[in-house]
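These notes concern the structure reproduced below.
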Amino acid sequence: MDIITTIIYIVLFIIMMLFVFSIGMLRHYMPKREILLVLVVAFFIGAIGGAFFLQPIYEELPAMASAVESNMPNNEETLYLDLSSSIDTNQLRDQLSSMDGFKSFDETSITIPMWSFNEREHDYFASIVGNIDSHYKNYNVTSNEIKIELAENYTASDALKSFSDWYKLVYDDTISYAQIHAVLVVDSTKLDDFEQALLEKGIVASKIEGPIQDSVNNTNASMLSNLEFTMVCGGVGVIVSIIGIYMDSVVPLYRRFRKFMNTKRKR
């Protein structure tokens, strides 16, 4: 939401509160039993104004918090990417590394989907995968997939090729697909640029960690729900109405208090 629209929405809500305030000031011209009706009307006006004018602004708070954090120097964001093995990761690395704000790009592991293993097949793969390639830093065999962690400076394509060669030799079949897991570290001020570059290739980070994401998460965690926020705005309307109702009593009290303080200072 642009700043002009934000200002317009806030002004419109203030106008609604002035209307509520003016209704409260008319209490002298209405029966006492009508005061409750004034408060109810004030609540609904405040709730409606909050829902239509303030809530869209309130929902922008996480974006505002992230915008502030993104402008802080020396902050870094870590993007966790799940890539298809059909993607040329070398080309992707070259493109990303040429962008301003790039820190690092590392392929950390691959996940190879398999069939549903029975117990014997599971035990076999669990015992043999580590012997296929010495660059397999670690691995985990589940009921239907194999996840292999990569040693430093060892690419996912190399790992997939070595596993595919072994699989072809043993099962006379080919592995047609695997998922590559990579970690991209970028300057926080350039996060939007990298997200856009990835999106153009159909890639969306599965998780983002860093100051920007932390600020968004913290802001979201502290925010009221839509219903709660609407109720609070209704409460603001009631408070404004009460101020209007008792304005004639509050102003003389304030004037007497100010006169008392001025007299005390002179002494």
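Here the closest heavy-atom approach between residue Ala197 and residue Met99 is recorded as CB-SD, 3.8 Å. Closest heavy-atom contact between Ala156 and Ile110: CB-CG2, 3.4 Å. Between Thr230 and Ala51, the closest heavy-atom pair is OG1-CB, 4.2 Å. Here the closest heavy-atom approach between residue Thr142 and residue Phe117 is recorded as O-CD1, 3.3 Å. The two atoms that bring Asn220 and Pro62 nearest to each other are OD1-CG, 3.1 Å, heavy atoms only. Considering all non-hydrogen atoms of both residues, Thr219 and Ser222 come closest at O-OG, 3.0 Å.
Residues Tyr167 and Asp173 have side chains in contact (heavy-atom distance under 4.5 Å, counting atoms from C-beta outward). When side chains are defined from C-beta on, Met17 does not count as touching Phe21, because their heavy atoms never get closer than 4.5 Å. You'll find the side chain of Ile146 reaches within 4.5 Å of the side chain of Val129, heavy atoms only.
Here the straight-line distance linking atom CD of Glu77 with atom CG of Asp214 works out to 7.5 Å at 0.5 Å rounding. In this structure, the separation between SG on Cys233 and CD on Glu228 is 12.0 Å, given to the nearest 0.5 Å. For the atom pair Gln179 CD and Ser109 OG, the distance stands at 8.5 Å (nearest 0.5 Å). With values rounded to the nearest 0.5 angstrom, Leu150 atom CG is found 11.0 Å from Asn138 atom CG. Taking OG of Ser164 as the start and CG of Leu169 as the end, the distance is 12.5 Å to the nearest 0.5 Å. Interatomic distance, Leu160 CG to Glu107 CD, rounded to the nearest 0.5 Å: 11.0 Å.
The local environment of CZ in Phe44 is sparse, with at most 12 non-hydrogen atoms from other residues, nucleotides or ligands closer than 6.0 Å.
Distance alone, capped at 3.5 Å, places no donor-acceptor pair between the Ser241 side chain and the Gly237 backbone. Although no hydrogens or angles enter the test, the distance criterion places no donor-acceptor pair under 3.5 Å between the side chain of Gln213 and the main chain of Gly210. Formation of a donor-acceptor pair under 3.5 Å by the Tyr154 side chain with backbone atoms of Lys137 is not found in this model. In this structure a side-chain-to-backbone donor-acceptor pair under 3.5 Å is present from Tyr136 to Ala159.
Cluster membership for Ile128 and Ile112, using ILVMFWY side-chain heavy atoms within less than 4.5 angstrom, is shared. The same ILVMFWY cluster, assembled from side-chain heavy atoms under 4.5 Å apart, contains both Leu224 and Phe52. In the hydrophobic cluster analysis, where Ile, Leu, Val, Met, Phe, Trp and Tyr join through side-chain heavy atoms closer than 4.5 angstrom, Ile203 is grouped apart from Tyr80. Hydrophobic clustering (ILVMFWY, side-chain heavy atoms < 4.5 Å, transitive): Val141 and Val170 are in one cluster. At a threshold of 4.5 Å between side-chain heavy atoms, the hydrophobic network of Ile, Leu, Val, Met, Phe, Trp and Tyr places Ile7 and Ile57 in one connected group.
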Q.
side chain to side chain contact (heavy atoms under 4.5 Å, CB included), that's the test. Do Leu184 and Leu96 meet it? Break it down for me.
A. CA-CA 9 Å; Leu184 172 65; Leu96 295 175; 4.0 Å; yes
**Q.** CA sep, side-chain torsions, deciding dist, call: Phe43, Leu39, side chain to side chain contact (heavy atoms under 4.5 Å, CB included)
**A.** CA-CA 6 Å; Phe43 177 82; Leu39 296 179; over 6 Å; no
Q) Do Asp158 and His135 pass the side chain to side chain contact (heavy atoms under 4.5 Å, CB included) test, and can you show the C-alpha distance, the side-chain angles, and the key distance before you say yes or no? A) CA-CA 9 Å; Asp158 292 334; His135 293 94; over 6 Å; no
Q.
Walk me through whether Asp123 and Arg120 qualify under side chain to side chain contact (heavy atoms under 4.5 Å, CB included).
A. CA-CA 5 Å; Asp123 292 342; Arg120 182 178 61 83; 5.9 Å; no
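The aromatic rings of Trp115 and Tyr171 sit perpendicular to each other, their planes meeting at more than 60°, with 30° as the lower class boundary. Between Tyr58 and Phe229, the ring-plane angle classifies as parallel under the 30° and 60° cut-offs.
Under the side-chain contact (heavy atoms from CB on, under 4.5 Å) rule, Phe105 has a single partner from Val185, Leu81, Val183, which is Leu81. Of the candidates Asp106, Thr108, Asp82, His181 forms a side chain to side chain donor-acceptor pair (under 3.5 Å) with just one, namely Asp82. Evaluated for a side-chain contact (heavy atoms from CB on, under 4.5 Å) with Leu83, the options Leu198, Asp88, Ile180 yield exactly one hit, Ile180.
Comment: Lys147 does not engage Glu145 in a salt bridge, judged by the lack of any side-chain N to carboxylate O separation of less than 4.0 angstrom.
There is no side-chain donor-acceptor pair under 3.5 Å between Asn75 and Ser188.
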